[in-house]
2 protein chains.
Amino acid sequence: MGDVATHRRDELLAAAEELFARRGFQATSVREIADAMNIQAGSLYAHIETKEDLLWEILTAAADRFFDAINPVVGSDLVTIEKLRRAIAAHVGVITNSVKSAAVYSTEWRHLTEPHRSEFAARRDEYEKLFRSMVREAIREGALGDVDEKFATLLILSSINWIYQWYSPEGPMTPEDIARRITDLLLNGLRRAGT
Amino acid sequence: MGDVATHRRDELLAAAEELFARRGFQATSVREIADAMNIQAGSLYAHIETKEDLLWEILTAAADRFFDAINPVVGSDLVTIEKLRRAIAAHVGVITNSVKSAAVYSTEWRHLTEPHRSEFAARRDEYEKLFRSMVREAIREGALGDVDEKFATLLILSSINWIYQWYSPEGPMTPEDIARRITDLLLNGLRRAGT
DNA sequence: TTGCCTACCTAGCGCTTGTTAGGTAAACTT
DNA sequence: AAGTTTACCTAACAAGCGCTAGGTAGGCAA
């Protein structure tokens with residue numbers, strides 16, 4: 001498979017991703033994906049085996065980016081609270097770098113069938129565990145309050161995951177702004193200090 | 001339409017809601033909904049005009065419950081920060097009272113077609129505005145810090161909306177527990193006080 | 001020049017979809 | 001008893017779905 005083929009396949013994945021993010025996997029037909037490529041539906045099968053291949057590749061590529069971003073943070077020697085800050089920033093960076101990818105990652109995985117679905121669930125759990133470990137450690141060190149570690153982890157992840165619903169590169173905030181603000185709000189709270 | 005018909009229609013909406021929450025609107029066929037009712041697909045049309053009717057009714061019923069819960073809080077004479085606390089608790093109460101309904105409310109609205117889709121978007125915006133007003137007021141009164149009101153509002157709503165993804169009536173936390181914890185975390189932050 | 005490969009084409013195929021239309025048993029009303 | 005209504009039945013219908021198979025133009029290699 002040469003560069004042209006790889007390029008076309010990337011184009012195909014990008015078209016599929018955009019449509020899956022906007023309409024949902026099930027509501028998107030292979031004919032619509034082919035239309036976006038200016039080819040016929042039958043032609044897609046020169047690049048893929050099944051429609052689900054597209055979803056699987058989009059989801060595993062997104063998962064790879066999340067892990068690639070967070071692993072250096074987890075493996076660093078930073079104090080735990082700073083690790084947590086950096087991990088949030090890394091996650092936000094991945095989301096803002098590809099909002100559509102993040103949207104598909106959050107919402108379309110349930111359309112996977114076995115064995116892909118279990119594999120994806122295992123990866124997502126693994127990723128969540130990385131955050132949960134940092135939270136547990138930060139609680140143990142006294143950097144975080146006496147909060148339920150699972151609850152706190154879910155709060156953090158759900159707060160940063162909704163960013164794909166509103167972030168726009170054209171918006172006023174940079175990804176760094178967003179990461180800093182959301183980390184401050186999560187760690188320090190919305191309340192005015194001293195009240 | 002008598003009690004029996006109303007009962008059957010409620011049963012139909014409940015079956016549809018359960019399947020839409022678990023599989024998604026598009027991935028759920030009217031045959032599957034009919035199967036859940038022990039009737040044939042064609043029989044559904046004695047109760048509904050179209051498949052979308054089901055989604056529309058589920059979503060508008062959910063929106064009604066959110067507004068019914070929050071309007072008394074908004075119209076009360078409480079200080080704003082206490083209003084916000086109560087509004088969050090009211091929202092959490094609606095979610096925990098019907099997790100499936102909340103799931104459909106959060107994820108399936110995009111399968112609505114016009115004019116339902118615009119109507120739904122308008123209602124959701126109206127609801128968000130109620131929260132945003134309280135946040136703006138709390139910032140103005142100094143109860144909340146110098147945070148972006150839109151950002152803070154989105155943080156609050158997204159944090160409480162993910163509850164449908166993990167809450168179970170069989171779980172260890174009551175809805176009141178959850179509401180208190182999440183409000184504390186959002187207002188006071190995850191960080192240990194004094195650090 | 002010939003043969004091979006690739007990325008597309010067309011033309012389906014078998015299946016599923018949402019929905020409709022005519023029918024009917026049972027319950028209810030007159 | 002007769003007529004009406006309701007909630008279901010069956011049997012489609014038309015459209016769209018994911019995918020396959022045979023074909024081909026163009027590019028490339030021998």
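To find a chain, count down the sequence lines: A is the first, B the second, and so on, and within it residues start at 1.
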**Asked** Any idea which of C/dC8, C/dT20, D/dC19 is nearest the A/Tyr45 side chain?
**Response** D/dC19
**Request:** Applying side-chain contact (heavy atoms from CB on, under 4.5 Å), name anything that partners B/Ala152, two or more places apart in sequence or on another chain.
**Result:** A/Leu190, B/Val135, B/Val147
**Message:** At 10 degrees resolution, what angle do the end axes of the helix from C/dT1-D/dA30 to C/dT30-D/dA1 form when each is taken over five base pairs?
**Reply:** 0°
**Message:** A cation-pi test, strictly: NZ or CZ of B/Arg117 under 6.0 Å from the centre of the six-membered ring of B/Trp109 and no more than 45 degrees from its axis. Yes or no?
**Reply:** no
**Separation of atom CD in B/Glu52 from atom P in C/dT17, rounded to whole Å** = 18 Å
**Fill in**
Of B/Ala41 and A/Lys51, the one whose closest nucleotide on DNA chain D sits nearer the 5' end is B/Ala41
**Message:** For A/Thr113 and A/Glu52, which I'm curious about, is there any donor-acceptor pair between the side chains at under 3.5 Å?
**Reply:** yes
**Request:** Rounded to the nearest angstrom, tell me the gap between atom CZ in B/Arg8 and atom P in D/dA7.
**Result:** 10 Å
**Fill in**
Between CG of A/Leu12 and P of C/dT6 the distance, given in whole Å, is 17 Å
**Request:** Rounded to the nearest angstrom, tell me the gap between atom CG in A/Leu19 and atom C1' in D/dC17.
**Result:** 16 Å
**Message:** With a 4.0 Å cutoff (strictly under), does any side-chain N or O of A/His47 reach OP1 or OP2 of C/dC8?
**Reply:** yes
**Request:** Ignoring backbone atoms, establish whether A/Ser43 has a side-chain N or O less than 4.0 Å from OP1 or OP2 of C/dC9.
**Result:** yes
Using a 3.5 Å cut-off and no angle test, enumerate the donor-acceptor pairs between side-chain atoms of residues 138-146 of chain A and protein atoms at least two apart in sequence or in another chain.
unit_1: A/Arg140; atom_1: NH2; unit_2: A/Glu137; atom_2: OE2; d: 3.2
unit_1: A/Glu141; atom_1: OE1; unit_2: A/Thr80; atom_2: OG1; d: 3.2
unit_1: A/Glu141; atom_1: OE2; unit_2: A/Thr80; atom_2: OG1; d: 2.9

**Message:** Between P on D/dA7 and CD1 on B/Ile48, what's the gap in Å once rounded to a whole number?
**Reply:** 14 Å
**Message:** Output the rounded distance in Å from CD (A/Glu11) to C1' (C/dA7).
**Reply:** 13 Å
**Request:** Using atom types as modelled and distance alone, determine if a side-chain donor or acceptor of A/Glu108 lies under 3.5 Å from a backbone N or O of A/Phe25.
**Result:** yes
**Message:** I want to know whether A/Phe120 and A/Tyr105 have ring centres closer than 6.0 Å.
**Reply:** yes
**Message:** Measure CG/A/Leu44 against C1'/C/dA7 and give the value in whole Å, please.
**Reply:** 11 Å
**Item:** B/Glu32 and B/Ser29: side chain donor to acceptor below 3.5 Å
**Value:** yes
**Request:** Please work out if A/Ser29 contacts a base, only the sugar-phosphate, or nothing of the nucleic acid, heavy-atom cut-off 4.0 Å.
**Result:** sugar-phosphate
**Prompt:** Within this structure, what is the CD1-to-P distance between B/Ile39 and D/dA11, rounded to whole angstrom?
**Reply:** 17 Å
**Request:** Please confirm whether any donor atom in the side chain of A/Arg31 sits under 3.5 Å from an acceptor in the base of D/dG18, or the reverse.
**Result:** yes
